[in-house]
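Residue numbering restarts at 1 for every chain, and letters A, B, ... go by the order of the sequence lines. Quick note: numbers below take in every heavy atom, side chains included, and nothing from hydrogens, waters or symmetry partners. Given the structure is predicted, the values throughout are model-derived calculations rather than measurements.
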Amino acid sequence: MEKKIKTRREGLPDLPNVIEGVKPVFRFAPNPNGLLSFGHSRGLIINGMYAKKHDGELILRFDDTDTTVKPPMMPAYDIIPEEQEWLCGFPAHRIIIASDRIPVYHEYIAKMISGEFGYVCTCSADDFKVHRVAMTECPCRDNSISDNLGKWQKMNDKNGFQPGDAVVRVKTDMSLKNPALRDWPAARIQTNPHPRVGDAYRVWPLLDFQSAVEDHLQGVTHIIRGKDLMDSTRKQTLLYAHFGWQYPETIYWGRVKVHEYGGFSTSQMRRDIEAGVYSGWDDIRLPTLGTLKRRGIQAKALESFWIELGLTQKDIAVPLSTLYSHNTKIIDSSSPRLAFIREATPMTLTGVLERTGTIAAHPKVDLGQREYHIDQGVWIEAEDYGKPVRLMDLCDIDSVGNIESIDRSDKRPVIHWVAGGSPSTLRIPKGDEIITVEGILETNSHPVGTIVQLERIGYGIIEDDGLLMLHD
RNA sequence: GCUUGUGUGGUGUAGUACGGCCCAUCAUAGUGGGUUUUCAUCCCGCCGACCCGGGUUCGAAUCCCGGCACGAGCACCA
């Protein structure tokens with residue numbers, strides 16, 4: 001048996017269980033209690049790439065079934081699809097909103113009760129926990145179907161059970177080794193109004209149930225998600241067995257931490273934004289997709305980044321420099337060069353010099369010309385002052401500004417300079433603070449949003465009120 | 001505690017189902033150099049790893065046993 005030669009695998013691993021002639025269906029299901037973050041981009045990119053590669057479909061699903069702990073944010077329903085399209089390069093084939101589908105989930109809850117694999121439990125959370133730990137069945141478990149159906153009605157009735165009084169459970173087995181799987185809850189009562197459907201429903205499904213039913217209904221073939229949801233798969237597999245359905249192929253990845261980002265949660269960000277701690281979802285200190293986009297990170301850079309990390313189940317911590325490196329490769333050839341002088345110091349030029357001219361906007365690619373007009377002198381950075389230097393693309397000068405040569409005459413340091421220009425600021429996000437550097441920016445006509453390379457500093461983007469630093 | 005998952009250089013990653021082609025791949029970071037009228041881009045070099053201990057075998061990153069470390073779940077959150 002000839003063994004295949006070991007070669008380095010490139011890109012994403014092959015998708016298991018792809019059946020010829022069957023379109024694979026993938027899904028990504030964020031909670032619209034806020035906008036998307038860096039971490040979400042993994043799910044979108046990986047699922048989106050597989051869908052594209054196999055000519056399958058990508059479903060974007062809003063899992064908005066919690067009105068209490070994670071209340072939905074209305075603008076998210078419009079913005080998340082835009083963010084998804086920006087990242088994937090194509091719009092999702094289907095968009096599903098769970099809150100539109102509550103009657104369907106109710107129908108399956110009723111089926112579950114009628115099929116005797118679901119029951120209404122009126123034990124308190126604490127009481128049930130005792131049963132779960134002791135592996136004993138709770139008294140509600142043996143109630144008859146009609147009794148359960150009656151209680152189910154009571155859950156849906158304003159004058160019946162109140163939040164906390166009752167939940168619907170999936171009957172599994174209280175002697176299961178894994179405590180997480182023992183008669184897990186499928187639905188509970190919530191009376192906080194939902195921003196989309198108001199108080200039309202009292203009983204809302206929980207994630208494990210809603211997601212499981214919807215995946216089946218939508219014909220999802222592959223679920224790719226974090227391994228923190230492994231027990232979720234095990235719970236849902238038990239439910240699928242009850243319904244006689246086949247569970248999709250499931251792939252997991254480990255937890256990713258970005259060294260530069262602390263512990264941000266969507267809920268916390270939302271609170272902070274609403275409290276004015278941050279200027280908005282694209283505040284430059286936040287790890288959101290909006291911020292990444294604002295900071296000039298290209299969707300393709302995120303794609304390369306996530307492909308490189310692959311689909312391992314290892315928990316990892318990565319530095320942002322890896323992402324920046326991918327981004328630099330993409331933006332450099334299209335980023336015009338621009339001079340920004342920090343701690344601007346005037347340098348009067350004496351001697352003979354052509355005082356007007358042009359300089360290429362990019363050393364290798366034709367991105368147009370930059371014009372300059374020199375009157376008395378130029379601005380240079382304080383750090384460069386007082387030594388013989390070469391003004392880039394202009395002339396050699398001595399320590400006080402006497403022009404010594406137009407052509408480059410020796411190996412003296414080359415520095416950047418600005419003739420005229422105008423005051424501007426460069427904002428640099430650093431952890432939870434923003435560093436603002438004052439300086440003189442070269443006159444230019446680049447529109448807001450242009451990514452430029454600030455010579456000898458790094459990449460930046462032009463905003464309404466100044467420059468925003470991207471990365472080195 | 002119970003359940004479940006993961007351990008390859010500083011950081012990621014390939015290789016692990018079928019042991020030899022692996023004195024271990026690629027990238028990033030660091031470092032040295034080259035190109036360049038930028039401390040950028042590009043190019044080249046260097047650096048540096050199979051969690052530990054046993055076992056099986058002619059041969060183990062890969063198989064077996066036992067440890068250790070770290071993560072996640074056990075919510076009327078997603």
Side-chain angles (χ1 to χ4, degrees), chain A residues 1 3-10 13 29-33 62-66 68-70 98 121 123-125 128-129 132-133 135 163-169 176-182 184-190 203-204 206-208 210-211 225-235 252 254-257 259 265-267 304-305 307-310 312-319 321-326 328-329 331-333 335 337 339 359-360 362-365 389-396 407-409 411-416 453-459 472:
Chain A
M1 172 70 206
K3 266 190 78 176
K4 39 195 167 189
I5 295 155
K6 288 177 184 173
T7 47
R8 185 178 164 73
R9 202 204 74 233
E10 294 289 338
N31 186 321
N33 65 331
F62 292 104
D63 281 350
D64 58 345
T65 55
D66 185 330
T68 311
V69 182
K70 297 179 176 175
C121 175
C123 298
S124 69
F128 192 82
K129 189 174 181 181
R132 181 169 50 236
V133 172
M135 300 169 82
D165 288 351
V167 296
V168 178
R169 291 188 182 282
L176 249 22
K177 287 176 99 176
N178 187 339
L181 313 185
R182 297 171 195 157
W184 53 273
R188 80 316 205 177
I189 303 166
Q190 273 187 140
V203 181
W204 290 78
L206 287 153
L207 171 87
D208 290 317
Q210 176 269 133
S211 178
R225 60 182 171 190
K227 68 173 183 179
D228 52 310
L229 263 10
M230 273 181 165
D231 278 346
S232 201
T233 298
R234 297 183 181 104
K235 289 185 211 174
Y252 307 96
R255 192 187 171 97
V256 175
K257 278 183 186 166
H259 188 72
S265 76
T266 302
S267 303
S304 305
F305 176 84
I307 288 174
E308 191 169 60
L309 295 202
T312 68
Q313 290 186 23
K314 256 168 93 171
D315 296 319
I316 55 174
V318 290
S321 58
T322 307
L323 174 63
Y324 293 158
S325 165
H326 285 294
T328 296
K329 285 175 173 52
I331 65 175
D332 183 75
S333 62
S335 301
R337 272 45 178 167
I359 296 173
H362 190 288
K364 290 178 180 168
V365 183
V389 291
R390 172 158 187 88
L391 300 179
M392 201 187 296
D393 288 308
L394 191 68
C395 63
D396 289 356
D407 293 323
R408 191 173 189 187
S409 62
K411 291 284 187 186
R412 69 183 71 189
V414 177
I415 67 164
H416 63 302
Q453 191 213 56
L454 301 174
E455 282 168 328
R456 298 173 68 214
I457 298 174
Y459 299 91
D472 292 338

Problem set entry | Atom-pair distance (OH on Y252(A); C1' on A72(B)), nearest Å | 12 Å
For this session: List for me each residue that meets ring pair (Phe, Tyr, Trp, His ring centres under 6.0 Å) alongside F62(A), sequence neighbours excluded, and say none if there are none.
Result: Y77(A)
What N/O pairs connect the protein and nucleotides 69-71 of chain B at under 3.5 Å? Give each pair on its own line.
| unit_1 | atom_1 | unit_2 | atom_2 | d |
| --- | --- | --- | --- | --- |
| G71(B) | O2' | D315(A) | OD2 | 3.0 |

For this session: Pick the P atom in A29(B) and in C43(B), then give their distance to the nearest Å.
Result: 12 Å
For this session: Could you give the distance separating U8(B) and G12(B) at their C1' atoms, to the nearest angstrom?
Result: 11 Å
Problem set entry | Sequence-distant partners of E308(A), salt bridge (Lys or Arg N to Asp or Glu O under 4.0 Å), two or more places apart | none
Exercise. Taking only residues two or more places apart in sequence or in another chain, which ones pass side chain to side chain donor-acceptor pair (under 3.5 Å) with S321(A)?
Worked result: none
Exercise. Which part of the nucleic acid, if any, lies within contact of C123(A), taking any heavy atom under 4.0 Å across all strands shown: a base, the sugar-phosphate backbone alone, or nothing?
Worked result: base
For this session: Could you work out the separation of C23(B) and U16(B) based on their P atoms and round it to a whole Å?
Result: 16 Å
For this session: With P as the reference atom in both, quote the distance from U25(B) to U4(B) in angstrom, rounded to an integer.
Result: 36 Å
For this session: To the nearest Å, give me how far apart CG (D231(A)) and P (C2(B)) are.
Result: 15 Å
For this session: From the options U3(B), G12(B), C77(B), select the nucleotide whose nearest atom is closest to the side chain of D66(A).
Result: C77(B)
Exercise. To the nearest angstrom, how far is W184(A) atom CH2 from A78(B) atom P?
Worked result: 12 Å
Exercise. Any idea which heavy atoms bring D231(A) and A180(A) closest together, and the distance?
Worked result: OD2-CB, 3.9 Å
Seminar exercise, completed: By nearest-nucleotide position on RNA chain B, the 5'-leaning member of H326(A) and D228(A) is H326(A)
Exercise. In whole angstrom, what separates N31(A)'s CG from A78(B)'s C1'?
Worked result: 6 Å
Exercise. 5'-most contact on RNA chain B: L309(A) or A29(A), nearest heavy atom basis?
Worked result: L309(A)
Problem set entry | Atom P, compared across G30(B) and U36(B): separation rounded to whole Å | 24 Å
Problem set entry | Whole-Å gap separating P (C74(B)) and NZ (K129(A)) | 10 Å
Exercise. Just how far, in rounded Å, is P of C74(B) from CZ of R169(A)?
Worked result: 13 Å
Exercise. From the list C77(B), U13(B), U4(B), which nucleotide is the closest neighbour of the side chain of V69(A)?
Worked result: C77(B)
Exercise. Taking only residues two or more places apart in sequence or in another chain, which ones pass side chain to side chain contact (heavy atoms under 4.5 Å, CB included) with K227(A)?
Worked result: M230(A), Y252(A), Q313(A), D315(A)
For this session: For K411(A) and U38(B), give me the distance from atom NZ to atom C1', rounded to whole Å.
Result: 14 Å
Exercise. Going by an N to O cut-off under 4.0 Å, is there a salt bridge joining D66(A) and R188(A)?
Worked result: yes
For this session: Could you check which of G1(B), A14(B), A78(B) has an atom nearest any side-chain atom of P179(A)?
Result: G1(B)
When you compare the protein's N or O atoms with those of nucleotides 39-41 of chain B, which come within less than 3.5 Å of each other, and at what distance?
| unit_1 | atom_1 | unit_2 | atom_2 | d |
| --- | --- | --- | --- | --- |
| C39(B) | N4 | R456(A) | NE | 3.3 |
| C39(B) | N4 | R456(A) | NH2 | 2.3 |
| A40(B) | O2' | Q453(A) | NE2 | 2.7 |
| A40(B) | O2' | Y459(A) | OH | 2.6 |
| A40(B) | N3 | R337(A) | NH2 | 3.1 |
| U41(B) | O2' | D332(A) | OD2 | 3.3 |
| U41(B) | O2 | K364(A) | NZ | 2.4 |

Problem set entry | Same-atom distance (C1') from G32(B) to C51(B), integer angstrom | 33 Å
Problem set entry | Separation between the P atoms of G54(B) and A61(B), rounded to whole Å | 14 Å
Problem set entry | Sequence-distant partners of L394(A), side chain to side chain contact (heavy atoms under 4.5 Å, CB included), two or more places apart | L349(A), L353(A), Y372(A), I374(A), L391(A), W417(A)
Problem set entry | K314(A) side-chain proximity, nearest of A78(B), U11(B), U13(B) | U13(B)
Exercise. Using a cut-off of 4.0 Å on non-hydrogen atoms, how would the nucleic acid contact of R408(A) be classed: base, sugar-phosphate, or nothing?
Worked result: sugar-phosphate
Exercise. Looking at U6(B), C74(B), U13(B), which one has an atom nearest to any side-chain atom of Q313(A)?
Worked result: U6(B)
Problem set entry | Those residues that, when tested against D396(A), pass side chain to side chain donor-acceptor pair (under 3.5 Å) (two or more places apart) | R390(A), S409(A)
Problem set entry | Residues which pass salt bridge (Lys or Arg N to Asp or Glu O under 4.0 Å) with R182(A), listed by chain and number, not counting sequence neighbours | none
Exercise. With Watson-Crick and G-U wobble geometry limited to distances under 3.5 Å, how should the secondary structure of RNA chain B be encoded in dot-bracket form, using | for bases paired to another strand and [ ] for crossing pairs?
Worked result: (((((((..(((.......[.....))).(((((.......)))))....(((((..]....))))))))))))....
Problem set entry | Donor-acceptor pair present, K177(A) side chain and C2(B) base, under 3.5 Å | no
Exercise. Looking only at atom P, what distance separates A40(B) and G34(B), rounded to whole Å?
Worked result: 14 Å
Problem set entry | Contacts of type salt bridge (Lys or Arg N to Asp or Glu O under 4.0 Å), residue R337(A), not counting sequence neighbours | D332(A)
Exercise. In whole angstrom, what separates K235(A)'s NZ from A72(B)'s P?
Worked result: 16 Å
Under 3.5 Å between N/O atoms: give me all the protein pairs with nucleotides 50-52 of chain B, atom names plus distance.
none

